[in-house]
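Note sheet for the following structure.
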Protein chains: 2
Amino acid sequence: MLTERQRMILNAIVDDYISSAEPVGSRSISKRGDVGYSPATIRNEMADLEELGYLEQPHTSAGRIPSHKGYRYYVDHLVPWNSAGTAEMGTIRAFFAEKLNATEQVIQHAAMILSNMTNYTSILLGPEVFHTSLRHFQLLPLDGNNAVAIIVTSTGQVENRTVQIPPEISLSEMEKVVNLLNSKLVNVPLYKLKSQLYSELGEEMQRHISHYEELMQVLDQALESDHDQRIYLSGAANMLTQPEFKDVDKVKTILDLLEETPTLLKMLSPASGGTGIQVRIGTENKHEAFANCSLITATYSLDGKALGSIGILGPTRMEYARVMGILGILSRDLTAMLAHWYK
Amino acid sequence: MLTERQRMILNAIVDDYISSAEPVGSRSISKRGDVGYSPATIRNEMADLEELGYLEQPHTSAGRIPSHKGYRYYVDHLVPWNSAGTAEMGTIRAFFAEKLNATEQVIQHAAMILSNMTNYTSILLGPEVFHTSLRHFQLLPLDGNNAVAIIVTSTGQVENRTVQIPPEISLSEMEKVVNLLNSKLVNVPLYKLKSQLYSELGEEMQRHISHYEELMQVLDQALESDHDQRIYLSGAANMLTQPEFKDVDKVKTILDLLEETPTLLKMLSPASGGTGIQVRIGTENKHEAFANCSLITATYSLDGKALGSIGILGPTRMEYARVMGILGILSRDLTAMLAHWYK
DNA sequence: CGTTAGCACTCTACTCAGATGAGTGCTAAC
DNA sequence: GTTAGCACTCATCTGAGTAGAGTGCTAACG
């Protein structure tokens, strides 16, 4: 239906508009290296394409933008997509490799609660690894090849992950190792687990167990820890509802700063300031982007030691009373929850 | 340092400004029921408060707004907050009661991957319950009072939750029940599990087991299912980076629609349209708020049946080629992952 | 002496006319 | 069929003029 040249021009217009968001003029198409026609010729074709419904003009003397029909044609006939994938593929796989754990869930959930209730942005700091240790370990066979590894931490978190079991390892052997692990490695901090596995048990296991290498690999998989201290954000979009941030650029500098994990870590770290509820107003936050924001934080703790923080970021014109009340409750609830799990 | 009246006026100004975001004039303070002074008097006090640094004027003939020092004083001396909490408390507790599960993690993670890679907003639809069934059940005692219930589903998801075990139930009894459950209820869809527990096993258990009531309660806890089909959003803030949405109001109508779960469910439901990658441009989406948006969706499946969808929402001026490529990879990866778990 | 009414003054936000310029449509020449 | 030239259109930008909210100051009042 469309001539080859029309397709080419439509393609060029859509591509240009996708990257520039500005109406595309005939001259700019003509100047592209792969187009050998003058602006006038392009204009004629553009007029035809507009009559056919593929292009639109926002007003008489602007360039053209693709109509919905134009996008539709572009998607159906012109898009050069290959789901076989290129650079992106690796990135996706890498993201998936990142493991998730139960603690993250709880904190993420709490972040959501906070932002939903306050309509501000919530920033939570996950509990520090260094305080949690192994309480109980279990390997639960599923079928011939797989088992679920169950790790109970000192904070009462239960984590599981599926591991593959080489066929040459017998059930009784596995059981022996699990018992050994439970007697020797309980109360070892999670982050030291893998190193102590080798130093404490290596020798003994090599004596008693036949498939040492393979078993060690299974345990390696099972104990893989990835408790980095992490930041959880929620409700960043709530910034938009505040009239002082109707200027999109301002919001952007704030949102950009929210992506800078190290900065936030420093701001929220329980070390920086006492316990209880803290309010930092405007420039009391160290960052210029937060000059018009207030940050209210509280800490949650276990055994009197501060484990992490929860915070709310809003405009300096913030509902201090309400937010402080909510933060107070939530930090106490988190603390109580941890104490309860820990028993 | 401040007189009682000054404190009262400062308090009134901060309160007013917090709720209105507009500079506060002397007249509006004077009109408040609890203030018995004329605007002129208020003005005099305001001038004093400004000189002391508690208030600021954006320009000569505007009302006053609190300075940082003013907010600080408000927070330190005037905020009427009670962390003992009121209405909010119940809401927080209720939110925490919501359970989270492993499937949610994976999907939420995928949503994040998508929005991060594309810089658009991602919308994911969790897998439908109706297709997943019980594959394996296990109760793992932790200590005298608690056990971990492990549920392996047909899609290979492993879920765990901690349940309390009444002391009168013995280990061997528990084991008997778990075996019964594994032989009779495997392949029953999760959402039917609890009802079939009673209809299929009730009679038999009552015959063989002594503490029927208590055990039933334990199983009830353990099998509690909360797989509602859910929507996962990520990167909604990315909308802001698009020039066509520099008008905050437009973004808001879109963000508001994104909160309407039922609408999104309808849009993403795999039923509505074939498999493969689908592109809905502008008004092809049924909602006016999406008139300037395109929604690209793909489905992931198990055994050829579509389980859920993943989608990207952006301006009609969207990088179709790239997004389609990424969606293609991710939907295939999700499908492959499910197939792998299912084996 | 604290409080209040009155009034001139200030400054932003809004509106409207004119200037600017990018881009078109059309015609005539190549 | 393609291109150069030119008149025309219309959004955007600029600056002047205006309305209105709110102040600061002074003088009067109880």
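Letters go in sequence order (proteins before strands), and every chain restarts at 1. The shown structure was predicted, so the numbers you read here are calculated from the model rather than taken from an experiment.
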Phosphate OP1/OP2 of dT3(C): any Ser38(B) side-chain N/O under 4.0 Å: no

Interatomic distance, Glu22(B) CD vs dT12(C) P [rounded to whole Å]: 15 Å

Length of the CD-C1' vector between Glu45(A) and dT3(D), whole Å: 14 Å

Complementary nucleotide of dT27(C), counting Watson-Crick and G-U pairs under 3.5 Å: dA4(D)

Selected nucleotide, minimal atom distance to Ala40(A) side chain, candidates dA5(C), dT12(C), dT3(D): dT3(D)

Atom-pair distance (CZ on Arg27(A); P on dA22(C)), nearest Å: 9 Å

Nearest-nucleotide comparison on DNA chain C, the residue closer to the 5′ end among Gly63(A) and Asn44(A): Gly63(A)

Side-chain donor/acceptor of Tyr73(B) to backbone N/O of Asn11(B), under 3.5 Å: no

Backbone N/O of Val24(A) and side chain of Ser28(A): donor-acceptor pair under 3.5 Å: no

Spacing of Leu55(B) atom CG relative to dT23(D) atom C1', expressed in whole Å: 14 Å

Leu295(B) and Ile312(B), any side-chain heavy atoms less than 4.5 Å apart: no

dT3(D) OP1/OP2 closer than 4.0 Å to side-chain N/O of Thr41(A): yes

Presence of Arg5(A) side-chain N/O under 4.0 Å of dT2(D) phosphate oxygens OP1/OP2: yes

N or O in side chain of Ser61(B) less than 4.0 angstrom from dA21(D) OP1/OP2: no

Between dT23(D) (P) and Arg43(B) (CZ): distance, integer Å: 6 Å

Any Arg64(A) side-chain nitrogen or oxygen under 4.0 Å from OP1 or OP2 of dG25(C): yes

Exam field: side chain Asn292(A) to backbone Thr316(A), donor-acceptor pair closer than 3.5 Å: no

Integer-rounded Å distance: dT24(C) C1' and His59(A) NE2: 10 Å

Interatomic distance where CD belongs to Gln57(A) and C1' belongs to dG23(C) [whole Å]: 9 Å

Pair Tyr74(A) + Tyr54(A): ring centers closer than 6.0 Å: no

Rounded interatomic separation in angstrom, taking CD from Glu51(A) and C1' from dG25(C): 13 Å

Residue whose closest nucleotide on DNA chain C lies nearer the 5' end, Ser26(A) versus Pro58(B): Pro58(B)

